[in-house]
Amino acid sequence: MSKKFNNHKRLQSAQRAMERGRADLAMAKLQDITRRTPNHSGAWKLLGFACHEEQLEPEAVVALTRAAALDPGDAATAMALAQSSLLAGLPALEPFRRVLQLQPDDLNAQRGYALALATEQQSDAAETVLMSRLKQHPDWLAGHKLLARLRFTGGDSEHFADSFSAACEAQPANLALRMEWFRSVAQTRDWSAAGRIIDQGERIFGTHPQLQLARLFIASESGDELKAAQLFAATASIDDVMRDMALVRYSLRKGDLDIAEATARPRIATPAENVFWPYLALIWRLQGIPQAAQWLDGSPPHVAAVDLQFADGELNRLADLLRKLHTARSPFAEQSVRGGTQTDQNLFLRHEPILRALKSRIQAAVRTYVEQLPSPIPGHPLLGVERGDLRRGRIHFSGSWSVRLQAQGFNVSHTHPLGWISSAFYVALPPATSMGAAPAGWLQFGTPPAELKLALSPTAQQEPKAGRLVLFPSTMWHSTVPFNDGERLVVAFDVRAPQSALAPSITAASNRAV
């Protein structure tokens, strides 16, 4: 009785630790329980969840496999095991089939099963699964989005969103479905097709605010300045992030810097701040206030390059693995890659030893980068967070992937709103004779998106070198210069920001910068 009671108390303590965001502490408690009571299915299950939170997906698979064996009828455990197997790059088809045996109508499990099929290079089977479920559930947005993504990256840029069209015919009054269709098409910058989706919507819903904002976005991004001006006036009372972003970009194109700044500033200290900080950097440079932009991006910029040490052949083995993971024919519509491909899923969750070793070395390099940053500045997107967890080694990633560029390939200028610190780690590069004259293939910072047509030069550039890691703030504009020929293979990632800020008033800090 005492043993069971102690286990119960330990389990509650582990749950409380996880609720506080300290899955690392929960893991130690749960490992103690499973060591003392190896048949405690609940402890194994919670240990799997804790490992997942700590981004130790192969360890999560081990714990959840044990939990599923002890309690084979628990659908939540079966689902967690299937998802962790997929994320870890381990066989996931059978785990998802087990979930579907327990919960045949679970659409999330159907989506995972389709992803597992696609990962196993069974794209046709994945599409069949999704289309079958979408016939029964035409309002299943996640299914439509995945099907469109699989088709687009598979090379179908013409009919990739057809499932949305059929679903909107079946459910014409479903505005959420239509807006997701619009977003899927608008990502490809096919403004004519996106406009037709809104035309159809207006015949059904009339002048609906969401449709107005979508039409505004098309007008602003396609260069229809007269229509955009009319729609900005008509939607002035709508408080919407997409509208404000469109207005910032529209105002920058027109040279209306005061309007651009007045629109961007109120979004600082809101969940959308990381989208607007980069535009403020451009605005301040164009206004001739370099000290403000330097306050944000650093002077010199907060860019660091470190050459990681690899044994002979390690980079070659890493390159071979990454090439196998580059299975797409086309890049994701919403991403920055041009003339190449990008991998799916989070690389640093996978099980391969070479990737786990790379992750460990990168975490050490990130820790050094953080330790060498300037003193904390309350309200700053890079410097205004509490860094204690990272110094203790708890470095988590909001994403990690590989980009493979080929002849004339490049990344358009972009930022990473979901990150805190971003990166490029060079795995393989063309010979110098194939790359072209410098800065061909280099990483450059501070250049605005080309479509804004702003006369701003790079604030910094980094020469690529195999084995070199470049770290920089996620709010900093960065792009890749096209190169002549060959293969440019990198691993990139976003470090997740710690949750606690040093001060609540980011706006006040921004005001001090100017």
Side-chain angles (χ1 to χ4, degrees), residues 213 216-217 219-299 301-302 377-384 412-420 445-460 472-479 501 503-514:
L213 291 173
L216 180 154
F217 181 81
S220 176
E221 291 298 313
S222 65
D224 189 344
E225 292 192 4
L226 179 60
K227 184 67 173 178
Q230 294 171 345
L231 288 168
F232 278 122
T235 60
S237 62
I238 300 177
D239 181 13
D240 181 83
V241 171
M242 185 179 80
R243 180 188 182 278
D244 283 356
M245 178 52 55
L247 182 55
V248 169
R249 290 169 61 86
Y250 171 81
S251 301
L252 279 169
R253 289 189 190 98
K254 289 178 63 65
D256 294 333
L257 302 181
D258 290 344
I259 294 175
E261 183 178 22
T263 305
R265 273 182 174 272
R267 292 296 177 183
I268 302 304
T270 74
E273 64 178 324
N274 279 0
V275 176
F276 288 87
W277 275 121
Y279 288 96
L280 282 170
L282 299 178
I283 292 165
W284 292 334
R285 289 173 64 191
L286 290 166
Q287 287 174 331
I289 314 174
Q291 67 272 24
Q294 290 166 0
W295 174 88
L296 179 61
D297 290 341
S299 180
H302 299 304
I377 300 177
H380 192 283
L382 175 69
L383 307 177
V412 299
S413 191
H414 64 291
T415 63
H416 293 234
L418 298 180
W420 177 49
F445 300 93
T447 51
E451 66 271 16
L452 297 184
K453 300 178 181 178
L454 303 177
L456 290 174
S457 300
T459 56
F472 52 91
S474 297
T475 53
M476 185 177 288
W477 292 105
H478 57 285
S479 58
S505 179
I506 295 180
T507 303
S510 172
N511 288 335
R512 286 196 295 274
V514 297

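Numbers for residues simply follow the sequence, beginning at 1.
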* Residues two or more places apart in sequence or in another chain: which of them pass salt bridge (Lys or Arg N to Asp or Glu O under 4.0 Å) with Arg249? -> Glu221, Glu451
* Would you say Ser413's side chain and Thr447's backbone share a donor-acceptor pair under 3.5 angstrom? -> yes
* Any side-chain heavy-atom pair of Arg253 and Ser220 under 4.5 Å -> yes
* Asked: Has the side chain of His380 got a donor or acceptor atom that lies under 3.5 Å from a matching backbone atom of Pro378?
  -> no
* If we only count heavy atoms from C-beta on, is the Leu282 to Leu452 side-chain gap below 4.5 Å? -> yes
* NE2-CE distance between His416 and Met476, expressed to the nearest 0.5 angstrom -> 12.0 Å
* **Sequence-distant partners of Asp256, side chain to side chain contact (heavy atoms under 4.5 Å, CB included), two or more places apart** => Ser251, Lys254, Ile259
* Asked: Do Leu286 and Leu252 have side chains that get closer than 4.5 Å, going by heavy atoms?
  -> yes
* Does a donor on one side chain and an acceptor on the other come within less than 3.5 Å for Glu261 and Trp284? -> yes
* Are side-chain heavy atoms of Met245 and Met242 found at a separation under 4.5 Å? -> no
* Residues Arg267, Asp239; criterion salt bridge (Lys or Arg N to Asp or Glu O under 4.0 Å); working and verdict -> CA-CA 11 Å; Arg267 292 296 177 183; Asp239 181 13; 2.7 Å; yes
* Asked: Is the closest side-chain heavy-atom distance between Arg285 and Thr459 below 4.5 Å?
  -> yes
* Those residues that, when tested against Trp420, pass ring pair (Phe, Tyr, Trp, His ring centres under 6.0 Å) (two or more places apart) -> none
* List in chain and number order the residues that pass ring pair (Phe, Tyr, Trp, His ring centres under 6.0 Å) with Phe232, two or more places apart in sequence or in another chain; answer none if no residue qualifies. => Tyr250
* To do: Examine His478 together with Phe472 and report whether their ring centres are nearer than 6.0 Å.
  => yes
* Closest non-hydrogen atom pair, Ser474 against Gly419 -> OG-C, 3.1 Å
* Who pairs with Thr475 by side chain to side chain contact (heavy atoms under 4.5 Å, CB included), at least two apart in sequence or on another chain? -> Asn274, Trp277, Pro278, Pro381, Pro473
* Taking side chain to side chain contact (heavy atoms under 4.5 Å, CB included) as the test, write out the residues that go with Ala272, two or more places apart. => Val241, Thr270, Phe276
